[in-house]
Amino acid sequence: MLNDSSHARAGSDAPTRAILLMVVAVGLLTVNDALAKWLTERYPVGQVLAVRGTLVMILITVWAWSTGRVAALRVGNWPMNLARSGLLAGATFLFITALSLMPIADAIAITFAGPIFATALAAVVLAEPVGWRRWSAVGVGFLGVIVMVRPTPELFRTVALIPVVAALFVVVHDIVTRKLGKGGESTLALLLVSTAVISLAGLLSLLLGWAPLAVLDIGVFLAAAVLVGLAQGLMIESLRLGEIGLVSPFKYTSLVWALLLGLLIWGDVPDTWTWGGAALVIASGLYIWHREMRLARS
């Protein structure tokens with residue numbers, strides 16, 4: 001295993017930018033999740049995915065056309081793009097299935113093992129240098145997640161394999177995203193293909209019946225489309241700029257964002273365990289960022 005000091009990043013601010021993009025991306029996704037939950041109380045999940053995805057594709061196309069970047073929509077590697085999109089769709093399906101079979105805290109806790117898988121696979125598949133300090137920081141962040149969600153004893157059941165596989169799907173999706181991004185595939189093309197595949201999967205649920213779309217809900221759908229489009233775009237850029245083992249642990253901050261939203265919007269006051277877990281997550285992220293800055297200056 002290589003030591004973190006083997007990084008050659010002198011004078012580069014790419015790691016910091018990658019970290020910030022990931023933190024903002026998961027923050028936007030957290031807000032989007034709140035909107036999506038609100039919409040799924042009124043419409044089938046497939047309908048929400050299809051309508052939101054269609055709006056995202058329209059927004060991408062209009063933005064590309066109005067800014068003269070239509071060429072950026074050209075897909076260079078269809079097989080890898082479709083594989084990436086299939087992994088994301090599969091992860092979404094598996095996670096929703098897990099939520100229907102086990103407590104939400106357990107499902108979240110298991111899927112947040114993803115950054116640990118990402119750190120390991122990035123070292124093996126992408127030959128990213130990962131030293132003991134980063135492993136330790138990722139472990140502390142994961143411990144913070146466990147403290148925050150406090151999973152039940154039911155966590156240790158066979159059904160727990162479902163969110164484990166979902167987490168692995170997300171990790172492989174991130175690896176493919178980084179390979180495509182570093183290989184020259186544009187962010188717009190990556191976003192368009194994955195959104196199209198997920199929208200198509202949602203469209204198939206039309207056969208099961210959709211609910212009439214209320215006019216007032218169109219604004220909510222549009223807001224969700226803007227948020228998820230921006231979030232996915234920023235996440236792609238983050239994976240393009242930063243190593244997977246570096247940026248993946250910052251997905252833990254989604255729980256911190258959720259904590260802040262609950263406090264500011266609904267007045268939910270976190271208990272001591274939640275504050276303690278959040279502190280561990282933040283400390284883990286700050287240490288990883290501090291370590292990267294030291295390596296960049298060396």
Side-chain angles (χ1 to χ4, degrees), residues 25-60 85-112 114 148-149 151-152 154 159-160 162-163 165-167 169-170 173 191 194-235 251 253-268:
V26 297
L28 294 176
L29 280 178
T30 303
V31 180
N32 169 73
D33 288 345
L35 293 179
K37 180 176 178 59
W38 189 83
L39 288 170
T40 53
E41 293 174 354
R42 293 159 173 75
Y43 306 97
V45 173
Q47 182 177 359
V48 172
L49 294 177
V51 174
R52 186 184 66 182
T54 300
L55 289 173
V56 171
M57 289 189 291
I58 292 173
L59 290 172
I60 292 172
S85 303
L87 287 165
L88 185 59
T92 302
F93 172 79
L94 288 170
F95 183 66
I96 292 175
T97 301
L99 290 179
S100 68
L101 297 174
M102 61 193 306
I104 186 171
D106 292 358
I108 290 174
I110 295 171
T111 55
F112 270 110
M148 291 177 75
V149 300
T152 69
E154 295 182 349
V159 72
I162 297 176
V165 176
F169 273 26
V170 171
H173 161 272
L191 184 57
S194 61
T195 304
V197 170
I198 293 174
S199 299
L200 180 60
L203 186 62
L204 295 177
S205 69
L206 180 61
L207 300 175
L208 302 177
W210 281 9
L213 190 62
V215 176
L216 294 178
D217 289 339
I218 295 178
V220 181
F221 271 108
L222 184 59
V226 171
L227 288 171
V228 76
L230 284 174
Q232 292 294 338
L234 292 175
M235 197 168 289
K251 291 183 178 182
T253 59
S254 64
L255 287 178
V256 179
W257 283 112
L259 184 156
L260 292 174
L261 286 174
L263 179 63
L264 296 175
I265 298 177
W266 293 285
D268 295 335

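Numbers here are sequence positions counted from 1. Side chains are part of it too, since the values below use all heavy atoms of this structure and drop only hydrogens, waters and symmetry mates. Bear in mind that the values here come from a model prediction, so they are computed numbers and not experimental data.
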Nearest non-hydrogen partners of [X] and [Y], listed with the distance:
| X | Y | value |
| --- | --- | --- |
| A50 | S199 | CB-O, 3.8 Å |
| T195 | L191 | OG1-O, 2.7 Å |
| A167 | T111 | CB-O, 3.7 Å |
| S254 | T30 | O-OG1, 3.6 Å |
| S85 | S194 | OG-CA, 3.0 Å |
| L59 | A225 | CD1-CB, 4.2 Å |

Q: Would you sort out whether Q232 and L29 count as a side chain to side chain contact (heavy atoms under 4.5 Å, CB included), showing the intermediate values?
A: CA-CA 8 Å; Q232 292 294 338; L29 280 178; 4.2 Å; yes
Working to the nearest 0.5 Å, report the span between [atom1] of [X] and [atom2] of [Y].
| X | Y | atom1 | atom2 | value |
| --- | --- | --- | --- | --- |
| T92 | L49 | OG1 | CG | 7.0 Å |
| I198 | L203 | CD1 | CG | 13.5 Å |
| M235 | L230 | CE | CG | 12.0 Å |
| L213 | R42 | CG | CZ | 12.0 Å |
| I60 | L55 | CD1 | CG | 11.0 Å |

**Q.** Candidate pair F112 and L255, rule side chain to side chain contact (heavy atoms under 4.5 Å, CB included), full reasoning
**A.** CA-CA 10 Å; F112 270 110; L255 287 178; 4.0 Å; yes
Q. Quick check, are the ring centers of Y43 and F221 under 6.0 angstrom apart?
A. yes
Q. Can you find a heavy atom in the side chain of W38 that is under 4.5 Å from one in the side chain of D217?
A. yes
Q | Check: N32 and R52 side chains under 4.5 Å, non-hydrogen atoms | A | yes
Q) Given L87 and V170, is the side chain to side chain contact (heavy atoms under 4.5 Å, CB included) satisfied, shown in steps? A) CA-CA 7 Å; L87 287 165; V170 171; over 6 Å; no
Q: Keeping the roles fixed (side chain from Q47, backbone from A211), state whether a donor-acceptor pair exists under 3.5 Å.
A: yes
Q) Do other residues, nucleotides or ligands put more than 12 heavy atoms under 6.0 Å from the CG atom of L264? A) yes
Q. Under 6.0 Å from the CH2 atom of W210, do we count more than 12 heavy atoms belonging to anything else shown?
A. yes
